[in-house]
Amino acid sequence: MAVANELERKVKLSAPIPNGNGQPQGGGEVERQRLRTMLLIRRFEEKTYVQYTEPRTLPDGSKEMKIGGFCHLYSGQEAVAVGIAAIFKKGIDALVNGYRCHGHSLALGMSPRAAMAELFGRATGCSKGKGGSMHFFDKEVGNHGGHGIVGGHIPLGLGFAFAQKYKKNGGVTYCLFGDGAINQGTFNEALNMASLLKVPAVFMVENNGVAMGTQVERHSAERDLAKRALGYNMPTENVDGNDVDAVIAAMTKAAERGMRGEGPTFYSVNTYRFRGHSMSDAMKYRPKEEAEKAKLRDPILLYSEKLKSRGLVTQEQIEAMEAEVQSEVNQAVEQAEADPNPGLDERFDDILAETYPYQPK
Amino acid sequence: MAVLQLREALRAAMTEEMDRDPNVFLLGEEVAEYNGAYKVSQGMLDKYGPGRVIDTPISEAAFSGLAVGAATMGLRPIVEFMSWSFTWVCIDQIVNNAANVRYMSGGQYKVPVVFRGGNGIAHQLGATHSHRMESVYARIPGLITVCPSTPAEAKGLLKSAIRCDDPVIFLESEKMLNEKGEVPDDTNFTIPLGVANVERQGKDVTILSYGRPLQRVVRPAVEALVNDHQIDVELIDLRTLRPLDLHTIVESVKKTGRCVIVDEDWGYAGMGSGILYKIQKPCFDYLDAPIEYVHSDEIPVPFNHYLEEAMMPSVDRIVSAVKDVCYR
Ligand SMILES: Cc1ncc(C[n+]2csc(CCOP(=O)(O)OP(=O)(O)O)c2C)c(N)n1
C-alpha cells in the first residue's frame with residue numbers, strides 16, 4: 001500500500017493525465033497542439049522522402065546521397081505516437097521502439113533539427129550521426145531508441161519498467177513494436193516476465209497490417225493480434241490506432257494500471273502504413289483500392305474533422321499550422337545540410353564510458 | 001558462360017539444385033511472394049510453389065531450427081537470412097543444434113542445411129546491421145564457413161554447399177549482389193569446399209583475403225602494388241574459411257616469405273587473427289617479416305558515411321602494410 005501511495009504522489013506531481021474522451025480542455029489548446037504534432041510528423045516524413053530520393057551534387061560534380069542506409073517512414077501512424085505523447089510524463093516515463101522511430105521521437109519533443117541532422121549523419125544529430133534513421137535516441141525526452149533488430153528491444157522495455165518499479169518513481173514504459181515483431185521469441189519471454197514481475201509496462205503492437213511485404217494473416221496464425229497476449233495474465237485489447245483519443249484513453253487506462261502496481265497491459269493498436277516498408281519498397285503486394293480506402297481513415301484527417309466539428313479549430317488555423325510546420329521542417333533540412341559531419345577521429349568516441357590503461361585506436 | 005549478377009548466380013545455383021534434388025527447399029523472410037528482400041529468389045515461388053519456397057514470419061530462431069530438424073530427417077533446406085546480423089537471435093539453433101547434433105549423437109545424423117544471406121558492412125546501415133559474422137561461425141567445429149568473392153564463385157560454391165552433407169554457413173555481401181561476372185551455365189559446374197584459390201601468382205608477398213574486401217580494396221591494391229611499386233604479389237582468395245586450406249596458404253607464404261591478411265572484421269579475435277595463429281608456426285622459419293593484418297577499426301559501425309568508410313580497410317592501408325612487410 002505504501003508503494004501505491006508513493007506512486008500516486010509522484011504521479012500527481014507530473015502533468016495531469018487528460019481523460020482522453022475527446023472533451024475539450026482549456027479552449028482546445030491541447031487538442032490543437034496534438035494536431036500540430038501530427039502534422040509536424042507527417043511533413044517531416046514526407047520531406048525526408050524527398051531528401052532521400054534527391055541526391056546532392058558535390059563541388060566536383062559527383063552525386064552524394066543526402067540520407068543513406070535504410071529509412072522507414074511513419075506516415076499514417078501519427079495518432080499512435082501523439083496519443084502516447086499526450087500522457088507521457090517527461091523525465092519519468094520511458095518509450096522504446098523499433099526502427100520506425102522518427103514519429104515517436106518528434107512526438108516526445110525531439111527537435112526536427114536533431115532528427116533531420118541524424119538522418120544526414122551530422123554531428124548535430126540526436127545520436128551524433130552514429131545511429132541513423134533506425135537508431136534515434138533522446139534520453140532527455142525519454143526516448144530510449146530506435147532499435148534496428150526486430151523484437152530485440154522488447155526485453156529492454158521490460159527492463160525500463162523494472163527500473164521504474166524498483167525506483168518507485170511512478171513511471172510507465174511504453175514499449176512499441178510492429179506486427180512482425182510479435183513473432184520473435186523475445187515477445188513471449190518479455191511479456192511473461194513482465195506479468196510475473198508486475199512491471200508498469202504497456203506493450204503495444206503497432207499493427208499496420210504488414211511486416212515488410214508479409215500481411216498479418218500470412219505471418220500470424222492468430223489474425224486478432226490482441227489475442228497474441230492471451231496466456232500472460234494481463235489485460236489485452238484492440239485499439240483504433242487512427243484515433244488519437246482512442247489511443248489516449250487506452251494508454252491512460254494501461255498507465256494507471258501500471259502505476260497502481262497491477263502490472264503490464266497489452267494492446268494491438270491497429271493502424272496503416274501509408275508508405276512502403278522502406279525506400280526501396282515499391283509496394284507491389286498492396287492493392288490500390290486498399291490504400292485508397294485507408295486514406296479515408298487518415299488519422300490527421302479524422303482528428304482535424306473531429307476538432308472542426310467541435311469548434312476547436314478552423315480550417316484557416318489548420319492551414320496556418322501546416323505552413324508553420326512545413327517551414328520548421330524546411331529549416332531543419334537547411335540546417336542539416338549546413339551542419340558538419342562528425343570529425344573522422346570521433347568514430348572512436350563513445351565506445352566505452354571509462355578510460356582504461358590501454359585503449360587501442 | 002553468361003554474364004550474371006551475383007544475385008542471379010545465387011539463384012541459378014539454387015534452382016539448378018532444386019531441379020536436381022526434390023529434397024532441396026528454400027525458406028526465409030520474404031523469399032516467396034515478395035520475390036526476396038534483395039530479389040535473390042525472384043521467380044522461384046512461381047517455379048516451385050509454396051511447398052518448396054516458403055515465406056516465414058520474422059522468427060529466425062524458429063525457422064533456422066526448423067531447417068536443422070528437417071535436415072536431420074533427410075531434407076536439404078536452404079535458409080535465407082536477410083542479413084547475417086539478424087542471426088544473433090538464432091545462433092543457438094545454428095551452433096548448439098546444427099553444429100553439434102552429429103557429434104553428440106555419435107554420428108547418427110547428417111545435417112545437410114545451408115544458411116545463406118548478406119554479411120558484413122553494407123552502406124550506412126549502422127551498428128546493428130553491419131556485423132561481420134565470419135569469425136563467429138568459422139570458429140565452430142561442425143560448421144563449414146564459405147565466403148564467395150565473385151558471381152562465378154557464388155554459384156560454384158553454393159552448389160557445393162547445397163550438395164554438402166554438413167551444415168554450411170554461406171556468407172554473401174549485400175553490397176555485391178549487383179556485381180556482374182562471367183558464370184558457367186554448366187549445371188555440373190561446382191567449386192569444391194575447403195580449397196583456396198591462388199588468384200595471382202607472385203614471388204614477393206602473399207596476400208590472403210576473401211569476400212567483399214577482396215573485391216572492394218584488395219584487387220585494386222594488388223594492381224597498384226604490381227604496377228606502381230613493382231611488388232610481385234601472390235593473391236589468395238580463401239573461399240572457405242573453415243575448413244581452411246592451410247596447405248595452399250602455407251606453401252605460398254613459404255615461397256614468398258611475407259604475408260598480409262586483409263578482412264573487414266575487427267582485428268582482435270577476428271577472422272584474420274585466427275588465420276595468423278594457424279600459419280605462424282609452420283611458416284616461422286620462412287618468414288622475412290612479421291605477418292601484417294589489415295582489418296576494420298575496432299568500433300561499432302558508425303552510420304555516417306565518411307566515418308564508415310574510414311573504419312574499413314582501404315587500398316592505402318593495404319599498400320602500406322605490404323610495403324612494411326617488404327621493407328620498402
Ligand atoms: C531479427 C530481424 N530480422 C529481420 C529484420 C529485417 N526487417 C527489418 S524491418 C522488418 C519488418 C518488420 O515489420 P513489423 O515488425 O511489422 O514493423 P513495421 O515495419 O510494420 O513497422 C524486417 C523483416 C530485422 N531488422 N531484424
Side-chain angles (χ1 to χ4, degrees), chain A residues 64-65 67-71 99 118-123 125 127-135 146-152 178-187 211-215 218-221 277-278 280-281 284-285 341-351 359-361, chain B residues 28-39 42 50 54-65 82-83 85-90 92-93 121-131 174-175 266-268 295-312:
Chain A
E64 181 192 62
M65 291 272 285
I67 300 174
F70 292 147
C71 192
Y99 54 87
E118 189 57 35
L119 296 178
F120 278 60
R122 303 304 193 198
S127 304
K128 296 188 196 160
K130 289 176 171 175
S133 164
M134 294 189 287
H135 308 115
H147 295 266
I149 300 298
V150 170
D179 46 275
I182 59 174
N183 301 313
Q184 283 284 336
T186 48
F187 170 79
M212 239 186 113
T214 307
Q215 287 76 8
R218 293 203 298 118
H219 73 64
S220 176
H277 168 69
S278 66
S280 62
D281 176 8
K284 290 196 182 131
Y285 49 84
N341 282 299
L344 283 189
D345 274 350
E346 283 170 40
R347 72 184 188 274
F348 297 104
D349 296 345
D350 298 321
I351 297 170
Q359 213 160 309
K361 271 222 164 170
Chain B
E29 291 152 16
E30 311 288 355
V31 295
E33 293 202 10
Y34 197 79
N35 279 306
Y38 296 112
K39 306 297 168 221
Q42 183 136 39
I54 302 164
D55 275 329
T56 67
I58 311 173
S59 304
E60 280 83 359
F63 68 75
S64 56
M82 231 175 255
S83 162
S85 292
F86 309 152
T87 67
W88 292 108
V89 308
C90 62
D92 179 53
Q93 294 303 319
I121 299 172
H123 192 69
Q124 286 197 268
L125 298 189
T128 54
H129 282 55
S130 306
H131 288 282
E174 182 203 316
K175 285 306 283 180
W266 291 306
Y268 183 65
H295 50 78
S296 284
D297 292 335
E298 297 181 9
I299 61 177
V301 178
F303 167 72
N304 178 281
H305 170 64
Y306 298 100
L307 269 51
E308 186 186 66
E309 271 300 312
M311 79 165 282
M312 287 189 279

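So that the names make sense, note that chain A is the first sequence line, chain B the second, and so on, each numbered from 1.
Between chain B and the options A:Gly68, A:Gly152, A:Gly125, heavy-atom pairs under 4.5 Å are most frequent for A:Gly68. No other option in A:Arg218, A:Met134, A:Glu64 has as many heavy-atom pairs under 4.5 Å with chain B as A:Arg218. In terms of non-hydrogen atom pairs under 4.5 Å with chain B, the most contact-rich of A:Met65, A:Glu346, A:His219 is A:His219. Per-residue counts of heavy-atom pairs under 4.5 Å with chain B were compared for A:Lys130, A:His277, A:Arg122; the largest is that of A:Lys130.
The two residues B:Ile299 and A:Phe348 have their closest heavy-atom pair at CG2-CD2, 3.6 Å. Counting all heavy atoms, side chain and backbone alike, A:Met212 lies closest to B:Tyr34 at CE-CE2, 3.6 Å. The minimum heavy-atom distance linking B:Phe86 with A:Ile149 is given by the pair CD2-CD1, 3.6 Å. Residues A:Gly343 and B:Leu307 approach most closely at O-CD1, 3.9 Å, considering heavy atoms.
The NE2 atom of B:His305 lies 14.5 Å from the CD1 atom of A:Ile67; values are rounded to the nearest 0.5 Å. Atom NZ of residue B:Lys39 and atom OG of residue A:Ser280 lie 8.0 Å apart, to the nearest 0.5 angstrom. The distance from the CZ atom of B:Phe303 to the OG atom of A:Ser133 is 7.0 Å, given to the nearest 0.5 Å. Here the straight-line distance linking atom CD1 of B:Ile58 with atom CD of A:Gln184 works out to 7.0 Å at 0.5 Å rounding.
The aromatic rings of B:His129 and A:Phe70 lie perpendicular to each other, with more than 60° between the two planes, well past the 30° mark.
Contact of A:Asp350 with chain B is not made at all, since no heavy-atom distance falls under 4.5 Å. Using a 4.5 Å cut-off between heavy atoms, B:Glu60 touches chain A through backbone and side chain atoms alike. Neither the backbone nor the side chain of B:Phe63 comes within contact range of chain A; no heavy atoms are under 4.5 Å apart. Contact annotation for B:Ala310: both backbone and side-chain heavy atoms come within less than 4.5 Å of a heavy atom of chain A. If you measure heavy-atom distances from A:Ile351 to chain B, the contacts under 4.5 Å come from the side chain alone.
Inter-residue side-chain proximity for A:Thr214 and B:Glu30 is flagged as met; some heavy-atom pair is nearer than 4.5 Å.
Between the side chain of B:Ser59 and the main chain of A:Asn183, a donor-acceptor pair closer than 3.5 Å is present. B:Glu33 contributes no side-chain N or O that, together with a main-chain N or O of A:Gly213, makes up a donor-acceptor pair within less than 3.5 Å. For the pair B:Asn304 (side chain) and A:Gly121 (backbone), a donor-acceptor distance under 3.5 Å is present.
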| task | Determine, stepwise, if the pair B:Thr128 / A:His135 fulfils side-chain hydrogen bond (donor to acceptor under 3.5 Å, both in side chains). | result | CA-CA 9 Å; B:Thr128 54; A:His135 308 115; 2.9 Å; yes

